[in-house]
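The next block holds one structure in the form of structure tokens; read it before the comments.
As a basis for the values below, the full set of heavy atoms in this structure was taken, side chains included, without hydrogen atoms, waters or symmetry mates. Below, chains carry the letters A, B, ... as their sequence lines are ordered, and counting in each starts from 1.
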Amino acid sequence: MTKKGRYGKYGGQYVSETLMSALIELESAYTNVSTDPQFASDLTALQAEYAGRETPLTFCPNASGKLGCKIYLKREDLVHGGSHKLNNTLGQALLAKRMGKKRLIAETGAGQHGVATAIVGAALGIPVEVYMGEVDMRRQALNVFRMELMGAKVIPVRCGTRTLKDAINEALRDWVANVRDTYYLIGSVVGPHPYPLMVRNFQSVIGREAREQVIRKERRLPDAVVACVGGGSNAIGIFYPFLSDDVELIGVEAGGKGINTGKHSATLCAGDAGVLHGTLSYLLQDEQGQVLPTHSISAGLDYPGVGPEHAMLKDNRRVTYAAVNDPEVLDAFRFLSRTEGIIPALESAHAVAYVMQNTERFDKDDIVIINLSGRGDKDVAEVAAMKVCA
Amino acid sequence: MGRIEEVLTGSKSPVFIGFTVAGDPDKTTCVRIARALIAGGTDILELGVPFSDPVADGPTIQKADERALGAKTTPATVFAIVREIRTESDVPIVLLTYYNIVYRRGIERFYREAHDAGVDGILIADMPVEESDEVCNIASRRDIAPIFLISQTTSDKRIKKIAAKARGYLYLVAVLGVTGVRDEVSGRAIDLLNRVRRHTSLPLAIGFGISTPEQAQIWARAGADGVIVGSAIVEIVERNLKDPDAMERELKEYVTDMKKALIRDHLP
């Protein structure tokens, strides 16, 4: 970060005046806890005893044989709740509690962040309300049920595209109206400073563990680390501890029906600089600066923006960003299920699909870590309905 | 002295600031709406630049943005509307926009075009003072007043920082929340007016949630220099989409009533 809340030229705090005091308060509270050993030990205890960390780095002999390189999966699908999202919600909910906030609000796309927020709300005794686009509620009905089962209120969003972008709009409107006692628990490395910084730090546990684990198992660093990118929290979480290493980092976006069709969510591959939801980053927008509708088979990647740190890492070429399309993602979903007995979330299947599509890039002895950011149970009904897995 | 300052210093009573979304429901009707607002006595005209994701706005203005975008309104359309109003009126015109629209067009270009069309002030809803250096420098070169929001949650320290950069008037946000008609005027908002007054001699206009003559009188008595009405105007537009003549009549009557309520000598 070059100056406060900036990643190169990206980042910043583009919010309405009413929210500035909340961001200033949040930044100061986060600065305090980030040097507080008690907070760190509270969080570590919850990660170990409640969330189930550390997660394994699983070697995949069958997939390795088929893809011609050594495939490891970082098993965030095994985190309590079924995805990496709990890493962030545990951290932020502990912070919210310290700040004396009485209510958590969140947005969700695939429902994984909503579920992870519902979990911490139940565990720490804070009421939770989750904004979710109507389209996503249909696509992810199981997660809606899970959230409600854990006591969260799910509020359907019926405006705009009725997906993640509009869920964030509604959550921001709620926050402006209830800013004094409400904590907005953002689920990705997006939004105004300090969210991208804070969420990245809470998610970096993924990369710290993976780096130690691979050195322990292979006595060397991996050749490549691959992760899917929507907002980009699982990707930055696993990339960040490898940034200074000689390791290729690859972020995989949702190519949807193909970038040339316009029906995709590949913000870094096909967008350009713009301001949405409080941050300057890459954005899918038209010539006039209106935000474009997006498409992805996976609700969790269906977002026209991306975290500002990814924007910087694209421009300075430290990370390679690519896109894979829906059919390839479904192939990967099926491939990993059959070869390894692990059903990936459709989001994470993008990272698997990238390696399947680019086998020529890797040699037999190359070590490739794929961040398996979530498990696919939530997607089974939707995929079954597509009748492509027969 | 600019048009905004002339109007504010020249008026003994609080001024009426009327808002409508530029291009809602289309360019031609929008110009008629502006004419009706001015004919009713609007002292300062605020035009919203439609945006796909207006997070500071409530459902009424969001729907107006959607109508305007549906009619293919672009910043070029907005400037054309301003030019058309300028051919017949010297009313100060302030644009309300979100930053991405300005950023995308290029800040320099947006402010040059705005100036050339006859815009007097620009408020960027998602641009806090901390991020505003570049925009304020360009605005000042183009002689456009940078207008800023101040909210109940704004600290005294930030009020000073904002007042130092703002020109024209300060836009005080009467409620915690997005734009939209409200029934009550909160005591906390009156406290805000008094608190800001201690830090600046800039005119103070108050908006968000104001719709009735009674509410306008409360603000006039409290010492506001202007009241801003947006959603109540857009609701009249929305109700009369099929009958532009009725829309014009109702808008003009509404503004006339609000203006009457604001005359200091008439206050009960």
Side-chain angles (χ1 to χ4, degrees), chain A residues 3-6 9 11-25 27 158-161 165-182 191-193 271-281 283-293 304-305, chain B residues 49-59 62-63 65-66 68-69 72-78 97-106 110 123-132 148-155 157-159 161-162 170-173 175-180 188 208:
Chain A
K3 65 174 194 184
K4 197 189 102 172
R6 289 281 171 179
K9 72 171 182 178
Q13 292 180 314
Y14 299 95
V15 297
S16 66
E17 180 55 30
T18 302
L19 292 181
M20 279 307 293
S21 66
L23 292 179
I24 292 166
E25 180 194 4
E27 192 183 353
R158 297 200 172 90
C159 55
T161 58
K165 169 185 79 110
D166 295 279
I168 296 180
N169 289 348
E170 284 309 310
L172 282 167
R173 291 179 176 126
D174 179 318
W175 199 27
V176 172
N178 301 289
V179 62
R180 290 197 170 98
D181 63 356
T182 294
H193 176 69
D272 40 26
V275 178
L276 180 68
H277 297 149
T279 191
L280 170 60
S281 184
L283 183 62
L284 292 171
Q285 57 186 326
D286 71 10
E287 283 303 308
Q288 306 298 337
Q290 307 296 347
V291 180
L292 289 171
Chain B
V49 182
F51 182 47
S52 53
D53 293 83
V55 292
D57 288 298
Q62 189 177 12
K63 273 186 274 171
D65 279 8
E66 283 167 13
L69 291 174
K72 304 227 177 317
T73 305
T74 67
T77 322
V78 178
T97 183
Y98 288 85
Y99 185 43
N100 197 48
I101 302 290
V102 179
Y103 184 83
R104 182 67 165 171
R105 201 164 190 85
F110 190 94
L123 186 160
I124 304 175
D126 53 353
M127 163 87 43
V129 66
E130 286 83 351
E131 303 283 2
S132 71
F148 283 92
L149 297 166
I150 289 186
S151 139
Q152 291 171 33
T153 58
T154 308
S155 66
K157 193 170 141 200
R158 294 190 71 259
I159 290 176
K161 218 189 277 183
I162 294 166
L170 289 169
Y171 188 137
L172 273 51
V173 181
V175 299
L176 287 184
V178 294
T179 57
R188 276 183 159 160
F208 281 47

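- For a residue to count as touching a neighbouring chain, one of its non-hydrogen atoms must lie under 4.5 Å from one of that chain's; by this rule Ile24(A) touches chain B with the side chain only.
- For Arg158(B), the side-chain hydrogen bond (donor to acceptor under 3.5 Å, both in side chains) partners are Glu17(A), Glu130(B), not counting sequence neighbours.
- Contacts of Tyr99(B) classified as ring pair (Phe, Tyr, Trp, His ring centres under 6.0 Å), with partners at least two apart in sequence or in another chain: Tyr14(A), Tyr103(B).
- Of the charged side-chain nitrogens involved, none lies within less than 4.0 Å of a carboxylate oxygen, so that Asp286(A) and Arg104(B) do not count as a salt-bridged pair.
- Enclosure of atom CZ in Arg188(B) is not indicated, since only 12 or fewer non-hydrogen atoms of other residues, nucleotides or ligands lie within 6.0 angstrom.
- Proximity to chain B is limited to the side chain of Leu283(A), based on heavy atoms less than 4.5 angstrom apart.
- Using a distance-only test at 3.5 Å, with no hydrogens or angles considered, no donor-acceptor pair links the side chain of Gln285(A) to the main chain of Ile101(B).
- If you measure heavy-atom distances from Ile124(B) to chain A, you find no contacts under 4.5 Å at all.
- If you measure heavy-atom distances from Pro59(B) to chain A, you find no contacts under 4.5 Å at all.
- Ser21(A) places none of its side-chain heavy atoms less than 4.5 Å from the side chain of Gln152(B).
- Taking both residues in full, the closest heavy atoms of Ser52(B) and Gln290(A) are given as N-OE1, 2.7 Å, listed atom of the first, atom of the second, then distance.
- Arg173(A) places a side-chain N or O within donor-acceptor distance of the main-chain N or O of Asp57(B), the cut-off being under 3.5 Å.
- Using a 4.5 Å heavy-atom threshold, the side chains of Leu176(B) and Val179(A) count as touching.
- Proximity of a side-chain donor or acceptor of Thr153(B) to a complementary backbone N or O of Thr18(A) within less than 3.5 Å is detected.
- No donor-acceptor distance shorter than 3.5 angstrom exists from the side chain of Gln13(A) to the backbone of Glu131(B), with no hydrogens or angles considered.
- Closest approach of Asp126(B) to Val275(A), counting heavy atoms only: OD2-CG1, 4.4 Å.
- In this structure, chain A has heavy atoms under 4.5 Å from both the backbone and the side chain of Thr154(B).
- Annotation: maximal heavy-atom pairing with chain A below 4.5 Å, among Ile162(B), Val173(B), Leu69(B), Val175(B), occurs at Leu69(B).
- For a residue to count as touching a neighbouring chain, one of its non-hydrogen atoms must lie under 4.5 Å from one of that chain's; by this rule Ala273(A) touches chain B with backbone and side chain alike.
- Annotation: the span from Leu276(A) atom CG to Tyr98(B) atom OH amounts to 11.5 Å, rounded to 0.5 Å.
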